[in-house]
Amino acid sequence: MYTIRIFTALFLLLQLGSFAQPWEPDAFTNMFVKRIKQGSEASLRYGLVRYGDGDKTDTIPAVYECVCRYEGYPEPGYLGRKDSAWYKLDFGTSPFRVPAKKYLGADLFISKNGKTYSVYSVTEGRNVLENCVLFSTGMEDILPVEEEWSDELPQFKPVFNAMINDELWLKNAEGTMYWLSNYGGIYIKNIGVISKKTGNKTLYGISHLSSGTKAKVFAAPVYDKVELYSRAYALKGTTYDVYNSLMHKIAESEEILFIEGSDLVPVKKKGKYGLVSPYGKDILPAVFDTLYGHQLIVAHKKDSVFFYERGRLVTALSKTPSTVYQTKGSYDLLPFYVYAISGATEKCVFVYNPYDRSVLGTSAYTDVFFYSISKNHYLLAVKQNGKYGLIDLKGNIIHSFEYEFLSRSLLTSYWNDTIGAHVAVRNGKTGFIGSDLQTLVPFEYDGISGMNFNDRLMYREFALKKGKQWHLYRYADKFLSPYGYDTLLLNTEYSSSIGWRKNKPDMGVKNGQKFLIDSTGKAYFDFSKVSITEHDNNYVALEEKTLNEIPLNITPLASLNRVEDLNTEHHYAIAFCLNRYFIINKYGEMSAGFEVPPDHYDHERGYIFVKRLKKQNAPGLYDFKGRELGKMSEAKIAYMEYDMQSKEVYYLFTDKKGLKGLMNAKGELILENKYADIGTISDGKCEVWEKKEAQPYTVDLKSLKPLTWK
């Protein structure tokens, strides 16, 4: 169908991308304009200052009680309020007093004329609705409300706006009801299609479906069909009459056309395309062969293509019939990239700077994208002769061409600000640089994997190649795993509720064998997939049978006499070998040996609660390598206490006199052995009795500092 349909798919794709790319510049962020203040707090006044590439250029004096921005066409504008009057503010021209007093948001004002109201549009410069009465209540309460003031106007919405908490309804003498929204302009509610049968033919029109009053007919039933969108299209013969949201006929068109994300109305007349405003003002005459775009309108005419920013000519280029021009860029497509696409090649023709309306030709480069955005200073990454460098929007070289590869800036998540990291390759080595060109990760790696360059997401973990081996890398603390693999497999996890994605380490392959890996890159074994295999001479071994075609023997020693316990929940085994009991953890590591089986194994910390020797009177607490934790004597009898709430482990011990004490899982003394009894631990608290007949009192173990062992 019409060329604009092709652009619709492109726009939707860009809109999805723009949601993930809030750091890009656009015409509505006011990144070029800052608010200025003057006077004391009691008599503070505001103005505006405009910047061009970081330098102050124009100023609107700080004489207004407030300033705000409105979304108009062909471009946004600014408003100031002084002495209860509103003024349209333009840099370089005198302020224009708006002939209405109450600001409704967007570009609309409302004024009272006796008992009726009129709605005034700043961008149209006229009333777009007249002689209405108030239908809803609270009109006098609709006043401008200051919100989220800052020294720089925020990025995505006006700093100052009238906020309509409830719908504001007006109606005229005929009973037609209008709805004014804070951002969406003005509409007639309850529009419907009416029909009338004449002979064997049914004709259609447009009516207001108001209950209790005689319906207002905006278009008599004389049309072959009517289609309702944000505006109405009524077909008669081969031509559509176009009605806006107020049901005023504003144009005629041979097709139903839209420019996504814009209120501007494309029309087709005698096979040529043009553009009108939502209230019928001509923006572009219907003289073009094709017309499509969003903020940047691309119009073809014979062998030339014209680029318009909301009705203003940006630049014109000669073209060949085989070349199609499309817009690319950031949120709302500003500043603009323009790509000439011919066959499989893609090349940027120019980048448009909406502040000074300058056009930077970029056809000499094979790739162009925004590198960094810092307040009012924009840089472009460009590729020439196979290497990337940086230029500003005037074409000056900021950084020499030295990178074989340079990524777009990367985000840690869709909802966070950019960290300004860029993957780069220099002299064959991979590293990271920031928007300020400072090195974030040194250029000493031979490859990168697990990075989503299409979505421009910096995952929390990814893989870097050093030599022939891949290592897990954690960007937050610059941790490089010491464990290398021939191949690393990472799975991506996504949480829609908080908007983050991350790579979860999954598997490593080394010398043809597959291993599960943890967050540090260390190989481990899933004991639910491990079996005990019997061998000759009454020896057994632990074998992992699922990941590899050939079962993998994970027994640290060649064989074991027997396996006392295979704990599939916490991934360890207690084995007997060489007249000793050993613990084999999930990494296939073997603990120190003990003459008796362990009373308890803390699989998270690697602590073992056991009698080292058979003749030992009481168990002690040891680390995985057999080093004793704490200073309990053999005369003290200990047992483990598990806190179900805090998940902490404590060890209670009793001396020869029967007095009890407590140490934590690190072997640190928490309570001396001076208590007649110690109660159950819950959420880091427990009751203690200093004497059997005494009243207990509560001790908060989390607040205590370790004591010195005696």
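Computed from a prediction, not measured in an experiment: that's the story for all the values here. When a residue number appears, it is its place in the shown sequence, counting from 1.
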Open item on the list: Do Tyr587 and Asp518 pair up side chain to side chain, a donor and an acceptor below 3.5 Å, judged on atom types alone?
Closed with: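 Result is yes, a qualifying pair exists.
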Open item on the list: Please tell me whether Phe594 and Tyr622 form a close aromatic pair, meaning their ring centres lie under 6.0 Å apart.
Closed with: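 Yes, close enough.
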Task: Minimum heavy-atom distance Ser559-Cys577, with the two atoms named - done: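 Heavy atoms only, the tightest pair is O-SG, 3.7 Å.
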Task: Non-hydrogen atoms of Glu595 and Leu613 that approach each other most closely - done: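 Nearest heavy atoms, Glu595 then Leu613: OE2-CD2, 3.5 Å.
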Do [X] and [Y] come within less than 4.5 Å of each other through their side chains, counting heavy atoms only?
X: Asn511; Y: Asp486; value: yes
X: Met451; Y: Leu410; value: yes
X: Phe515; Y: Tyr483; value: no

Looking at [X], I'd like to know if its [atom1] atom is crowded, meaning that more than 12 non-hydrogen atoms belonging to other residues, nucleotides or ligands lie closer than 6.0 Å.
X: Lys702; atom1: NZ; result: yes
X: Lys666; atom1: NZ; result: no
X: Asp700; atom1: CG; result: yes
X: Lys514; atom1: NZ; result: no
X: Leu437; atom1: CG; result: yes
X: Glu444; atom1: CD; result: yes
X: Phe401; atom1: CZ; result: yes

- [ ] Before giving the answer on side-chain contact (heavy atoms from CB on, under 4.5 Å), spell out for Ser449 and Leu490 the whole-Å C-alpha distance, their side-chain angles and the decisive distance to 0.1 Å.
- [x] CA-CA 9 Å; Ser449 179; Leu490 306 174; 5.6 Å; no
- [ ] Please answer whether the main-chain N or O of Asn427 pairs with a side-chain N or O of Glu404 as donor and acceptor at a distance below 3.5 Å.
- [x]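 Between the backbone of Asn427 and the side chain of Glu404 there is a qualifying donor-acceptor contact (under 3.5 Å).
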Open item on the list: For Tyr572, is there any backbone N or O sitting under 3.5 Å from a side-chain donor or acceptor partner on Asn585?
Closed with: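 Answer holds: no.
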Open item on the list: Here's one to test your reading of the geometry: is the NZ or CZ of Lys478 within 45 degrees of the ring axis of Tyr475 and under 6.0 Å from its centre?
Closed with: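 Judged by the rule, Lys478 and Tyr475 form a cation-pi pair.
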- [ ] Could you check Phe453 against Phe405 for ring-ring contact (aromatic ring centres under 6.0 Å, His included), going step by step and ending with a plain yes or no?
- [x] CA-CA 12 Å; Phe453 291 117; Phe405 172 81; 5.5 Å; yes
Open item on the list: Which residue is it: Lys347, Arg408, Lys383? I am looking for the one with a salt bridge (charged side-chain N to carboxylate O under 4.0 Å, His left out) to Asp367.
Closed with: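 Among Lys347, Arg408, Lys383, the one that satisfies the salt bridge (charged side-chain N to carboxylate O under 4.0 Å, His left out) with Asp367 is Arg408.
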